[in-house]
Amino acid sequence: MELTDLEKIRVEKVNRLRERGIEPYPTRANPTHTMQEALTLLEAAEKAGETPPQNVTLAGRIRAMRPMGKLTFAQVEDGTGRLQFFFRINEVGEENLALLSSEYDLGDFIEGTGNLMRTRTGEPTLQVLSFRMLAKAISPLPAAKDEVVDGKVIHHAGLTDPETRYRQRYADLVVNPEVRKVFTARAAVVKTLRNFLDDHGFVEVETPILQPIYGGAAARPFTTFHNQLKQSLYLRISFELYLKRLLVGMVDRVYEIGRDFRNEGVSFKHNPEFTQLEFYWAYADYLKVMELTEQMVAEVCDKVLGTRKVMYNGQELDFNPPWRRIEMRQGLLEVVGVDIYEHPTAESLSAALYKKGIEHNPNLTRGKMIEGLTSDYLEPSFIQPTFMYDYPRDISPLAKSKPGDPNTVERFEGFVGGMELCNAFTELNDPFDQESRFLEMGRAYEKEDEERHPMDEDYLRAMAYGMPPNGGFGMGVDRLVMLLTDNRTIREVILFPHLREREEE
RNA sequence: GGGUGCGUAGCUCAAUGGAAGAGCAGUGGCCUUUUAAGCCAUUGGUUGGGAGUUCGAGCCUCCCCGCACUCACCA
């Protein structure tokens, strides 16, 4: 470990403590209360007109120190909050006060025993009778104070450089308390999703992350290798094909919350690994799934934020059901002026687009072309929660066709803040239709294109046993957390986002 | 992968091609109720790395590394 000058000074303090027989990293801490508990006790005692709690022991990290000669104030913080410690020469003695000033630094963990009180200014305070080091911090926390320039106060956050914040998330969490709030909100989101689905009779399962055949989405996978079995394996790109096997096995309502891995570009809304929620619901269809989605997201808003009106990127989002619903065909007709149903082939659609002067890649399939149109002309305008429904068949190989319309499938995607949040369909359960969809996909992609949907024979075998009609759903949990915490980049809601490896000296 | 921008002390930021600075943190003092405490003094730099142009480079040129934004890609 390479030490800076500031760190060398702190190592010296460790050595001096040990020379005095004081262990700077004792094995145990013995707090009697958390900071929050202590504050609550103090307030309760005051309300009841009783003496505040005496002889309590509190532990935490020193975040501020104000030495004033024969007394010192410190702000000490644990995960529940901060409380002021008050060291006075009268109680702790001259020697200990000198020890505090010479060997204790910002960032150190300290334990203090004493009496709860309030100072003259009303600050809740532990009047310390005795204290000890719990853990010496060697590296100074990246905390900065504010600067006064030409009479103006310039506020500096403790740590703002995004690279350092993500690479040293531990330091970010210490000095930027709002970051901790994002991740407690994230935990509440996941918990609420679980509770909601549990309450609706869904069973949570865990399916393979290492898969011999990847599928369920169009994405390039990460590849790995099992040494003893001498077998190539892929990190899953979705849970879909395994969860639907469970419908065959009579698990009628099933869900999984876990990590997907996609070997693709990173962006403000893409991380190579991300948290996905998928559920499958026997005897339901995409309309029922739409309704359940609205209820589920509203419940998350209620439980996590206490409101369904959420500020995101300067705009108020209203998550009250029902969401806006737009048929893809109608949406494109209004904005692009082309009725996709009148153009059942890529050639015909391309010609119509040229006629309208709409830029597009004519070499794509019909579905891919339409997809390009929706992402360019429709999605960015879906700020309020919006379902777009009824998608082209050739980009939806696992979705069931609309009755009487083989070119269109019963599928919807939910958009919020101009960003895709979820994707769902009435699931295809006809094994022969499914087989031909896999074959179609195989033809649509080049052999070496890893997005090519590989044929999954076992999935077809499962379906051949009979799969109940069902509706399925997938949602990017990270994106939901972005929306609810007003973050415009996915890195802010992932504790340790992927960054390029950096050469260490 | 392409384009644009950024990288200076532990943190946040200054510095016409001409002596590398400030605030906070740190260190040494003063200070018995502070609240971003205050006052006095003071340490700290391979200006991301390398090469070049120049009498002289933090600043200009080239290469490399990393990050940000953006485009492409992306069920």
Side-chain angles (χ1 to χ4, degrees), chain A residues 3-10 12-13 63-75 82 84-91 97 101-102 105-107 117-125 127 138-150 153-168 171 175 215-220 237-238 240 262-270 272 361 367-368 370-372 374-375 391-399 409 411-413 420 422-425 441 450-451 453 474 488-489 491 497 499-505:
Chain A
L3 295 179
T4 65
D5 290 347
L6 294 178
E7 289 167 335
K8 283 173 188 158
I9 290 166
R10 292 191 178 204
E12 277 310 303
K13 296 181 181 187
R63 294 307 312 284
M65 265 217 273
R66 295 184 283 274
M68 308 191 54
K70 295 191 170 58
L71 51 86
T72 291
F73 294 95
Q75 290 273 332
R82 282 191 190 191
Q84 180 168 264
F85 279 25
F86 176 35
F87 307 82
R88 202 165 61 150
I89 198 166
N90 310 39
E91 284 82 30
L97 199 65
S101 122
S102 65
D105 288 294
L106 300 183
M117 57 166 281
R118 279 188 196 268
T119 58
R120 274 180 206 167
T121 53
E123 177 87 7
T125 298
Q127 176 154 40
I138 301 302
S139 305
L141 289 168
K145 284 196 180 172
D146 300 82
E147 178 184 9
V148 180
V149 176
D150 302 332
V153 177
I154 298 175
H155 179 74
H156 298 307
L159 179 65
T160 56
D161 175 43
E163 183 179 355
T164 313
R165 288 188 46 232
Y166 301 146
R167 286 191 196 279
Q168 301 186 32
V175 302
R220 278 174 300 195
I237 57 173
S238 88
E240 175 148 4
R262 297 189 183 174
N263 204 340
E264 290 171 350
V266 299
S267 79
F268 72 96
K269 51 183 176 180
H270 297 92
N361 179 351
K368 288 256 176 197
I370 292 172
E371 197 176 31
T374 62
S375 60
Y391 279 60
R393 164 191 162 113
D394 71 86
I395 53 168
S396 315
L398 301 163
V409 295
R411 172 179 173 189
F412 73 82
E413 290 185 307
E420 181 192 337
C422 57
N423 178 24
F425 22 94
M441 290 306 283
E450 285 184 291
E451 278 182 33
H453 224 95
R488 259 143 286 167
T489 156
R491 293 190 185 96
L499 298 179
R500 208 176 298 260
E501 192 169 18
R502 191 158 208 188
E503 264 179 71
E504 294 291 339
E505 306 256 326

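Not measured: the values here are computed from a predicted model. Each chain gets a letter, A, B and so on, in the order its sequence line appears, and its residues count up from 1.
- Picking from B:rU32, B:rU34, B:rC67 the nucleotide with the shortest atom distance to the side chain of A:Leu71 gives B:rU32.
- Across all strands shown, B:rU32 has no partner, as no Watson-Crick or G-U wobble contact with both distances under 3.5 Å is found.
- Atom CD1 in A:Ile138 sits about 17 Å away from atom P in B:rG10, given to the nearest Å.
- With both ends at atom P, the span from B:rG1 to B:rG58 equals 31 Å, rounded to whole Å.
- Listed nucleotides: B:rC13, B:rU34, B:rC73. Nearest to the side chain of A:Arg220: B:rC73.
- Across B:rA75, B:rU32, B:rA68, the shortest atom-to-atom separation from the side chain of A:Pro397 is found for B:rA75.
- Taking 3.5 Å as the limit, the base of B:rU34 and the side chain of A:Thr119 contain a donor-acceptor pair of atoms between them.
- Applying the 3.5 Å distance criterion, the base of B:rU34 shares a donor-acceptor pair with the side chain of A:Gln84.
- When the C1' atom of B:rA25 is taken as reference, atom CG of A:Leu141 falls 11 Å away, rounded to whole Å.
- Distance from the side chain of A:Pro140 is smallest to B:rG10 among B:rG10, B:rC67, B:rU33.
- Side-chain atoms of A:Thr164 do not come within 3.5 Å of backbone N or O of A:Thr160 as any donor-acceptor pair.
- In this structure, A:Ile395 and A:Thr489 both approach RNA chain B, and ranking their closest nucleotides by distance from the 5' end singles out A:Thr489.
- With rounding to the nearest 0.5 Å, the separation of CD1 in A:Ile138 from NZ in A:Lys13 is 10.0 Å.
- Spacing between atom CZ of A:Phe86 and atom C1' of B:rU32 amounts to 7 Å, rounded to whole angstrom units.
- Of the candidates B:rU27, B:rC67, B:rC13, the closest approach to any side-chain atom of A:Ile9 belongs to B:rU27.
- If you check B:rA68 for Watson-Crick or wobble pairing at under 3.5 angstrom, you find it paired to B:rU4.
- With hydrogens and angles left out, the side chain of A:Arg66 and the base of B:rU34 share a donor-acceptor pair within 3.5 Å.
- Closest contact between the side chain of A:Glu420 and the listed nucleotides B:rA75, B:rG66, B:rU33 involves B:rA75.
- Here the side chain of A:Thr160 is nearest to one of B:rC67, B:rU12, B:rA75, namely B:rU12.
- Across the strands present, B:rA14 finds no partner; the criterion is a Watson-Crick or G-U wobble pair with both atom distances under 3.5 angstrom.
- In this structure the side chain of A:Pro140 never reaches within 4.5 angstrom of the side chain of A:Leu106, judged on heavy atoms.
- B:rA68 and B:rU33 are spaced 46 Å apart, taking the C1' atom of each and rounding to whole Å.
- Nucleotide B:rC74 holds its P atom 10 Å from the NE2 atom of A:His270, rounded to whole Å.
- Put simply, CG on A:Leu159 is 8 Å from P on B:rC11, counting in whole angstrom units.
- Rounding to whole angstrom units, CZ of residue A:Arg63 and P of B:rC11 are separated by 15 Å.
- Using a 4.0 Å heavy-atom cutoff across all strands shown, A:Ile89 reaches at least one base atom of the nucleic acid.
- Annotation: B:rA25 and B:rG38 have their P atoms spaced 8 Å apart (nearest Å).
- In this structure B:rC73 sits in no base pair that meets the Watson-Crick or G-U test at under 3.5 Å.
- Nearest nucleotide to the side chain of A:Ala64, out of B:rA37, B:rU27, B:rU33: B:rA37.
- B:rA14 and B:rU4: their C1' atoms are spaced 24 Å apart (whole Å).
- Note on A:Lys13: only backbone sugar-phosphate atoms sit closer than 4.0 angstrom, heavy atoms only; bases stay farther off.
- Nearest-nucleotide mapping onto RNA chain B: of A:Glu123 and A:Glu371, the residue sitting toward the 5' end is A:Glu123.
- Distance CD/A:Gln75 to CZ/A:Arg82: 5.5 Å, rounded to 0.5 Å.
- Taking a pair to require two hydrogen-bonding distances under 3.5 Å in either a Watson-Crick or a G-U wobble arrangement, B:rU46 remains unpaired.
- Of the C1' atoms belonging to B:rG56 and B:rU16, the separation is 15 Å, rounded to the nearest Å.
- Side-chain atoms of A:Asp161 and base atoms of B:rU12 include no donor and acceptor less than 3.5 Å apart.
- Atom CG of A:Leu6 is separated from atom C1' of B:rG10 by 5 Å (rounded to the nearest Å).
- Taking 4.0 angstrom as the limit, A:Arg488 places none of its side-chain polar atoms (N or O) nearer than this to OP1 or OP2 of B:rC69.
- Residues satisfying the ring pair (Phe, Tyr, Trp, His ring centres under 6.0 Å) criterion with A:Phe73, sequence neighbours excluded, are A:Phe86.
- Contact check, A:Lys368 against B:rA75: a side-chain N or O comes under 4.0 Å of OP1 or OP2.
- Nucleotides B:rG44 and B:rC6 are separated by 31 Å at their P atoms, to the nearest Å.
- For the atom pair CD (A:Glu7) and CZ (A:Arg10), the distance works out to 8.5 Å, reported to the nearest 0.5 Å.
- Comparing B:rA9 with B:rU70, their C1' atoms sit 32 Å apart, to the nearest whole Å.
- With both pairing distances under 3.5 Å, B:rU54 is matched to nothing as a Watson-Crick or G-U wobble pair.
- Between A:Asn423 and A:Arg411 the shortest side-chain heavy-atom distance falls below 4.5 Å.
- B:rG45 and B:rG29 are spaced 23 Å apart, taking the P atom of each and rounding to whole Å.
- With a 4.5 Å cut-off on side-chain heavy atoms, A:Val175 and A:Pro142 count as touching.
- The nucleotide B:rU27 finds its pairing partner in B:rA41, both defining distances of the Watson-Crick or G-U wobble pair being shorter than 3.5 Å.
- Nearest nucleotide to the side chain of A:Glu264, out of B:rA25, B:rU27, B:rC74: B:rC74.
- Taking atom CZ on A:Arg262 and atom C1' on B:rC73, their separation rounds to 14 Å, with Å as the unit.
- The nucleotide B:rA20 finds no pairing partner, because no Watson-Crick or G-U wobble arrangement with both distances shorter than 3.5 Å includes it.
- Nearest to the side chain of A:Asp5, among B:rG44, B:rA75, B:rA68, sits B:rG44.
- Here the straight-line distance linking atom CE of A:Met117 with atom CD of A:Glu123 works out to 10.0 Å at 0.5 Å rounding.
- Nucleic acid contact class of A:Arg82 (heavy atoms, under 4.0 Å, all strands): none.
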